[in-house]
Amino acid sequence: MGELRGTHVPVLLERCLELLAPALGRGRRTVHVDATLGLAGHAEAVLQAHPETILVGLDRDTEALAHARVRLARFAGRVHLEHAVYDELPEVLDRLGFPSVDGVLFDLGVSSLQLDAPDRGFAYAQDAPLDMRMDQTRGVTAEEVVNSYPHPDLARVLRVYGEEKFAGRIASAIIRERERGRITSSARLAELVRESIPAPARRTGGHPAKRTFQALRIEVNRELAALETALPAALDRLSVGGRLVVLSYHSLEDRLTKQALAERVRSTGPIDLPVELPGSEPTFRLLSRGAELPGEVEVAANPRAASVRLRAAERIDPQAAQRGRTDRERYRRRGKAMHQPGTGSATGSGSDPRRMPGDTTDEEGEGT
């Protein structure tokens with residue numbers, strides 16, 4: 001395995017522990033899935049905080065798994081580490097015999113190990129072979145993408161996955177360069193990108209190759225396709241009271257997360273009916289309004305946290321939630337009737353029916 005390459009500071013660690021605590025600390029055996037185990041910083045903290053929790057850790061990177069196995073050795077009786085991509089979660093849980101789980105964490109994007117290892121090809125600031133595979137045992141490399149994709153496909157990858165305004169120009173420069181010789185170096189690719197972007201645009205927004213390298217990494221590892229499958233699967237496996245926490249690092253990941261949660265926290269029934277139709281009730285509630293951002297202290301201690309966006313949700317019992325909404329609606333109607341003329345209530349007195357405990361909208365979170 002060798003020495004650990006790179007540094008690892010878990011992002012938003014205390015907030016993740018705070019959000020997961022009600023689901024994992026239930027006074028019984030609980031199961032937590034770290035769908036992106038990496039170097040196991042979040043996983044180690046969860047196991048320390050919850051002595052009755054069993055961890056299922058997934059990662060496609062065999063080097064990361066090897067380091068995580070050493071780090072978590074003292075918890076060996078409570079740990080299952082799996083070489084798998086997060087969209088394989090249902091198969092992993094079925095094999096391990098866990099029909100449901102209590103917590104799931106996704107810490108998306110590239111890991112510290114991958115970013116800091118020069119030979120992996122993820123970093124535009126270091127010269128390395130163009131690999132960018134998170135799982136180096138399978139799949140196409142960034143070198144194959146750069147040297148084989150036709151111009152329309154290459155431009156589409158850069159535009160969609162990198163949100164690169166100059167995708168067409170960069171793709172043209174790559175095509176011209178590879179006609180002279182195969183592009184194999186991350187440094188050469190970064191230089192091509194820099195030369196393709198107009199000088200005024202290079203002065204803002206960080207390194208000019210940042211978006212291109214992000215796009216190639218997403219394409220090579222099928223990150224968004226896997227996430228689009230994995231999020232609904234993870235939500236389906238959560239028990240009532242179970243919680244999902246997602247850390248995203250760019251708008252594409254965060255948008256998929258937001259959409260997956262939105263489908264579960266709203267009713268699917270007609271809005272004009274007085275009661276919910278069976279099966280149309282919300283099955284989750286959000287734990288925060290919108291995406292939570294890191295604080296200044298967090299970013300100062302860990303600059304890689306600067307772009308993180310956190311979203312979280314809890315599975316609820318639809319029938320219990322429906323009973324609560326029905327009771328609140330009945331209370332509101334009774335209060336409204338009491339304030340009508342002729343009911344004996346002093347109109348305009350300023351007195352309102354007392355708000356019922358927990359009377360919040362589905363969009364409200366516990367931290368608001």
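These numbers come from the heavy atoms of this one structure, side chains and all, not from hydrogens, waters or symmetry mates. These figures come from a predicted structure and were not determined experimentally.
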For [X] against [Y], the heavy-atom pair lying closest together:
{"X": "A209", "Y": "V193", "answer": "CA-CG1, 3.7 Å"}
{"X": "L130", "Y": "L189", "answer": "CD2-CD2, 3.9 Å"}
{"X": "L158", "Y": "A171", "answer": "CD1-N, 4.3 Å"}
{"X": "L12", "Y": "E298", "answer": "N-OE2, 2.8 Å"}
{"X": "F284", "Y": "I316", "answer": "N-CG1, 3.8 Å"}
{"X": "G103", "Y": "L24", "answer": "N-CD2, 4.0 Å"}

| task | Applying side chain to side chain contact (heavy atoms under 4.5 Å, CB included) between E219 and each of D153, V157, L154, report the one that passes. | result |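 Of the listed options, the one satisfying the test is V157.
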Are [X] and [Y] linked, directly or through other ILVMFWY residues, by side chains that come within less than 4.5 angstrom of each other?
{"X": "V146", "Y": "I175", "result": "no"}
{"X": "L293", "Y": "L247", "result": "no"}
{"X": "V31", "Y": "V240", "result": "no"}
{"X": "V101", "Y": "L96", "result": "yes"}
{"X": "L13", "Y": "V245", "result": "yes"}

Within this structure, what is the [atom1]-[atom2] distance for the pair [X] and [Y], rounded to the nearest 0.5 Å?
{"X": "R29", "Y": "H50", "atom1": "CZ", "atom2": "NE2", "answer": "15.5 Å"}
{"X": "T212", "Y": "I174", "atom1": "OG1", "atom2": "CD1", "answer": "6.5 Å"}
{"X": "S100", "Y": "D236", "atom1": "OG", "atom2": "CG", "answer": "12.0 Å"}
{"X": "D254", "Y": "Q259", "atom1": "CG", "atom2": "CD", "answer": "10.0 Å"}
{"X": "R202", "Y": "F166", "atom1": "CZ", "atom2": "CZ", "answer": "10.0 Å"}
{"X": "L310", "Y": "C16", "atom1": "CG", "atom2": "SG", "answer": "5.5 Å"}

Taking [X] for its side chain and [Y] for its backbone only, find out whether a donor-acceptor pair lies under 3.5 Å.
{"X": "R237", "Y": "V104", "value": "no"}
{"X": "D59", "Y": "D61", "value": "yes"}
{"X": "H80", "Y": "L93", "value": "no"}
{"X": "E144", "Y": "T141", "value": "yes"}
{"X": "E44", "Y": "A40", "value": "no"}
{"X": "R182", "Y": "N147", "value": "no"}
{"X": "R159", "Y": "G168", "value": "no"}
{"X": "E228", "Y": "A225", "value": "no"}
{"X": "R243", "Y": "P22", "value": "no"}
{"X": "R217", "Y": "Q214", "value": "no"}

Check whether any side-chain heavy atom of [X] sits under 4.5 Å from a side-chain heavy atom of [Y], and report yes or no.
{"X": "T36", "Y": "D34", "value": "yes"}
{"X": "R309", "Y": "T257", "value": "no"}
{"X": "L55", "Y": "R78", "value": "no"}
{"X": "D107", "Y": "Y249", "value": "yes"}
{"X": "S248", "Y": "R255", "value": "no"}
{"X": "T137", "Y": "H83", "value": "yes"}
{"X": "V85", "Y": "D135", "value": "no"}
{"X": "S186", "Y": "M132", "value": "no"}

| message | Set out, in order, the CA-CA distance, both residues' side-chain angles and the distance that settles side chain to side chain contact (heavy atoms under 4.5 Å, CB included) for R188 and E177, then state yes or no. | response | CA-CA 10 Å; R188 181 58 187 138; E177 178 69 14; 3.2 Å; yes
| side chain to side chain contact (heavy atoms under 4.5 Å, CB included) between L227 and E253, worked out | CA-CA 8 Å; L227 183 61; E253 293 172 339; 4.3 Å; yes
| message | Go through it in stages, so that I can follow the logic: the residues are L244 and F106, the test is side chain to side chain contact (heavy atoms under 4.5 Å, CB included), and I'd like the CA-CA distance, side-chain angles, deciding distance and then a yes or no. | response | CA-CA 8 Å; L244 170 82; F106 285 87; 3.7 Å; yes
| query | What residues, two or more places apart in sequence or in another chain, satisfy ring pair (Phe, Tyr, Trp, His ring centres under 6.0 Å) together with H151? | reply |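 Ring pair (Phe, Tyr, Trp, His ring centres under 6.0 Å) check on H151 returns nothing, list empty.
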| Note: R176-E179 ion pair, threshold 4.0 Å (strictly below) |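 Result for this pair is no, no salt bridge flagged.
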| query | Can R133 and D131 be counted as an ion pair, charged N to O under 4.0 angstrom? | reply |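 A salt bridge links R133 with D131.
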| So L192 and I170, side chain to side chain contact (heavy atoms under 4.5 Å, CB included) or not? Walk me through it. | CA-CA 7 Å; L192 281 173; I170 295 170; over 6 Å; no
| query | Can you list the residues that meet the side chain to side chain donor-acceptor pair (under 3.5 Å) rule with R194, with sequence neighbours excluded? | reply |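 Testing R194 for side chain to side chain donor-acceptor pair (under 3.5 Å), a comparison that skips the adjacent residues, returns E191.
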| field | side chain to side chain donor-acceptor pair (under 3.5 Å) partners of T53, counting only residues at least two apart | value |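 Testing T53 for side chain to side chain donor-acceptor pair (under 3.5 Å), a comparison that skips the adjacent residues, returns T30.
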| Atom CD of Q48: over 12 foreign heavy atoms under 6.0 Å |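 Yes, CD of Q48 has more than 12 neighbouring heavy atoms, counting only those of other groups under 6.0 Å.
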| query | If you draw a 6.0 Å radius around CZ in R95, do more than 12 non-hydrogen atoms from other residues or ligands fall strictly inside? | reply |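 Above 12, so yes.
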| request: Test S185 against D127 for side-chain hydrogen bond (donor to acceptor under 3.5 Å, both in side chains), laying out the working first. | output: CA-CA 6 Å; S185 161; D127 192 15; 2.5 Å; yes
| query | S239 and D102: side-chain donor and acceptor closer than 3.5 Å? | reply |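 There is such a pair between these side chains.
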